[in-house]
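This report concerns only the one structure given below.
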Amino acid sequence: MSGMKSDVLVIGGGTAACAAAEAVLQAGKKVTMVFPNGGSSEVSAGSVDILGVVPGEEPRICEDYREGIRALLERYPDHVYGKCGGELDTGVQALVSLAETGGYRLKGFDGKNVWIPNMLGTFSVNALVPEMLAGGALIPGEEKKVLVIGVKGNAAFNAEAAAMSYQQYQKKLGGKADYFSAEIRLTGWGDRRKVSDGELADYLDTREGAQELISAVRTFCGNGKYHFDTILFPPVLGYVKYQELLAEIKAACGCNAAEVQALGNSVIGYRFTRALYRGLEARGAVLLRGTKAESISPAENGIDAVCTIGLTDQLHPGEKMTIHASSAVLATGGFVGGGIKARRTEVWIELLEEKLGGITTEVLDRNALSRSGQDFMRMGAEVTDDLSVKDEIYNGRLFACGDILAGHNFASERSGAGIAAASAYLAGKNAAANI
């Protein structure tokens, strides 16, 4: 079994893991990240939701997320933001800087949340959004004509249905835009009747694909009786050359253009996650991709993690390696990321070998979209004020952050990336100080 050493080991590959690693680097220490995949950030919307909703029987939308955090802490004094809220600005800026270094630019709105059109035909609330989405933000009271574009064969986005839904839904938010729709045909993939988001993004990364899309949109706009102020596209304008393509569309059509938001879209998740990785590697972080931490244990002056590298199945056991670090940060996600496991009614944290209890029908709201959220989502790791796990066997050298922490519900709060950034930065900073 091979081995290696690091000042701080970060277990996880999502948004929280990246923010924790950046905090370690800013403290002047060496950091190693281990992860089998990109975690929940690979299926994220690529935006930063700091706090959009204060949950409860009557959930309250937060126009100003700072005021929303104060209201949240009044309702839930033990909420995660109570421990890490002081690092919110620093943690978010760490993510913004990493992403920008990797070529992915995020735009904020001075502490305000904005409404971004999404693939479902409604609007999602966010604090920071990628520049590709920013141009589609709803501005209450603004009168404009918006064209929603779909691509024939791409069944993931129905432009006609989305435009009709935007038209109605915007009234709840004070919008006064007029939404129209069009479906264009691209021929670059031959006679196939269906094409996925990923295949479409691959095609639009080519010069041929980009030119065909620009020509089709420009022709439609030139033949119509309206001049559109904004054109909205599904989030498929390429994995790599998306910014260049959007700029060309704006120039060709003489108007604003943007993508709509998606959750679980491989294209946006790929852009965001790979930009964070590029930013970390540019700063000197060691990223061990395709590596799974199988177990962690206290060791002399630190933490040992037994990891498996590479493909594992019946024929491939993978290579075992032990990593020793002075401190470690657990950023493996919650129910979605896989850090918290559940079977039947039992819930536990796998790497901590910690049982969290059970889930019974009495504690579940049978309405899956309940506005007050599901209380069981607040289950997770218990930590001290410095975010070290309360299990004393680790001697204060193991920290936790992000969705694995107890006391918050990212789904009903619209707070996932903000909690990841704030808690991870604090965890990473304290882990680095423990060396």
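- Not one N or O on the side chain of S6 forms a donor-acceptor pair closer than 3.5 Å with the backbone of L9.
- Summarising the geometry of A258 relative to G136, their closest heavy-atom pair is CB-N, 3.4 Å, with the distance given to 0.1 Å.
- In this structure the side chain of L72 reaches within 4.5 angstrom of the side chain of Y81, judged on heavy atoms.
- Screening residues 113-132 for side-chain hydrogen bond (donor to acceptor under 3.5 Å, both in side chains), with sequence neighbours left out, gives R105-E131, N118-T122, N118-S124, S124-Q261, N126-Q261.
- Taking the side chain as every heavy atom from C-beta outward, L95 and L128 never approach each other to under 4.5 Å.
- Heavy-atom neighbours of K107 NZ from other residues, nucleotides or ligands within 6.0 Å: at or below the threshold of 12.
- A177 approaches Q170 most closely through the heavy-atom pair O-NE2, 2.7 Å.
- S415 places no side-chain N or O within 3.5 Å of a backbone atom of G418 that could act as its donor or acceptor partner.
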Do I116 and V260 pass the side-chain contact (heavy atoms from CB on, under 4.5 Å) test, and can you show the C-alpha distance, the side-chain angles, and the key distance before you say yes or no?
CA-CA 7 Å; I116 300 293; V260 302; over 6 Å; no
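- In this view, R271 and E259 satisfy the side chain to side chain donor-acceptor pair (under 3.5 Å) rule, not counting sequence neighbours.
- Residues meeting the ring-ring contact (aromatic ring centres under 6.0 Å, His included) test with F157, sequence neighbours left out: none.
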Output side-chain donor-acceptor pairs under 3.5 Å for residues 280-289, partner residues at least two apart or in another chain, one line each.
unit_1	atom_1	unit_2	atom_2	d
E281	OE1	R289	NH2	3.4
E281	OE2	R289	NH1	3.0
R283	NE	E22	OE1	3.1
R283	NE	E22	OE2	3.1
R283	NH1	T101	OG1	2.9
R283	NH2	S97	OG	2.7

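- When every heavy atom of S165 is checked against every heavy atom of L120, the shortest pair comes out as OG-O, 4.4 Å.
- Checked by atom type, the side-chain pair E294/T308 shows a donor-acceptor distance below 3.5 Å.
- With a 4.5 Å cut-off on side-chain heavy atoms, Y242 and V267 do not count as touching.
- Residue pairs meeting the salt bridge (charged side-chain N to carboxylate O under 4.0 Å, His left out) criterion with at least one partner in residues 5-14, sequence neighbours excluded, are absent.
- Residues passing the side chain to side chain donor-acceptor pair (under 3.5 Å) test with N158, sequence neighbours excluded: none.
- Every residue was checked against the side chain to side chain donor-acceptor pair (under 3.5 Å) condition with Y239, not counting sequence neighbours, and none meets it.
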Might you work through the side-chain contact (heavy atoms from CB on, under 4.5 Å) test for V236 and V151, ending with a clear yes or no?
CA-CA 10 Å; V236 295; V151 177; 5.5 Å; no
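- By the 4.5 Å heavy-atom criterion applied to side chains, S44 and T15 are not counted as neighbours.
- Every pair passing side-chain hydrogen bond (donor to acceptor under 3.5 Å, both in side chains) that includes a residue from residues 416-428 is listed here, sequence neighbours excluded: Q26-Y425.
- Between N434 and N430, the closest side-chain pair of non-hydrogen atoms is not below 4.5 Å.
- Applying the salt bridge (charged side-chain N to carboxylate O under 4.0 Å, His left out) test to pairs two or more places apart or on separate chains, those with a residue in residues 79-92 are R66-D89, E87-K429.
- The side-chain heavy atoms of P117 and L232, taken from C-beta on, include a pair separated by under 4.5 Å.
- With hydrogens and angles disregarded, no donor-acceptor distance shorter than 3.5 Å links the side chain of Q167 to the backbone of A163.
- A side chain to side chain contact (heavy atoms under 4.5 Å, CB included) with I296 is found for exactly one of I323, D304, V306, L398, namely L398.
- Listed by chain and number, the residues in a ring-ring contact (aromatic ring centres under 6.0 Å, His included) with Y104 are F272 (sequence neighbours excluded).
- By the ring-ring contact (aromatic ring centres under 6.0 Å, His included) test, F35 pairs with Y277, sequence neighbours left out.
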Apply the test side-chain contact (heavy atoms from CB on, under 4.5 Å) to residues Y394 and L352: give CA-CA distance (whole Å), side-chain angles for both, the deciding distance (0.1 Å), then the verdict.
CA-CA 10 Å; Y394 295 106; L352 294 181; 4.2 Å; yes
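- One distance of note links SG of C62 with CD1 of I50; it measures 11.5 Å at 0.5 Å rounding.
- Distance alone, capped at 3.5 Å, is enough to place a donor-acceptor pair between the R75 side chain and the P55 backbone.
- Residues Y203 and T206 share a closest heavy-atom pair of O-OG1, 2.5 Å.
- Between H79 and Y76, the two ring planes are tilted [angle within 30° to 60°].
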For a side-chain contact (heavy atoms from CB on, under 4.5 Å) check, start with the C-alpha distance between K112 and D64, then their side-chain angles and the critical distance, and finish with the verdict.
CA-CA 5 Å; K112 302 293 184 182; D64 184 319; 3.7 Å; yes
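- The two residues G68 and V54 have their closest heavy-atom pair at O-CG2, 3.7 Å.
- Side-chain atoms of N256 and D229 include no donor-acceptor pair closer than 3.5 Å.
- Residues in residues 243-255 take part in these salt bridge (charged side-chain N to carboxylate O under 4.0 Å, His left out) pairs, two or more places apart or across chains: R207-E248.
- The side-chain heavy atoms of I249 and L213, taken from C-beta on, include a pair separated by under 4.5 Å.
- Nearest heavy atoms, C401 versus A16: SG-CB, 4.1 Å.
- Ion pair R274/E42 flagged as a salt bridge, since at least one NZ, NE, NH1 or NH2 atom sits closer than 4.0 Å to an Asp/Glu carboxylate oxygen.
- Side-chain atoms of D386 and F399, non-hydrogen and from C-beta on, do get closer than 4.5 Å to each other.
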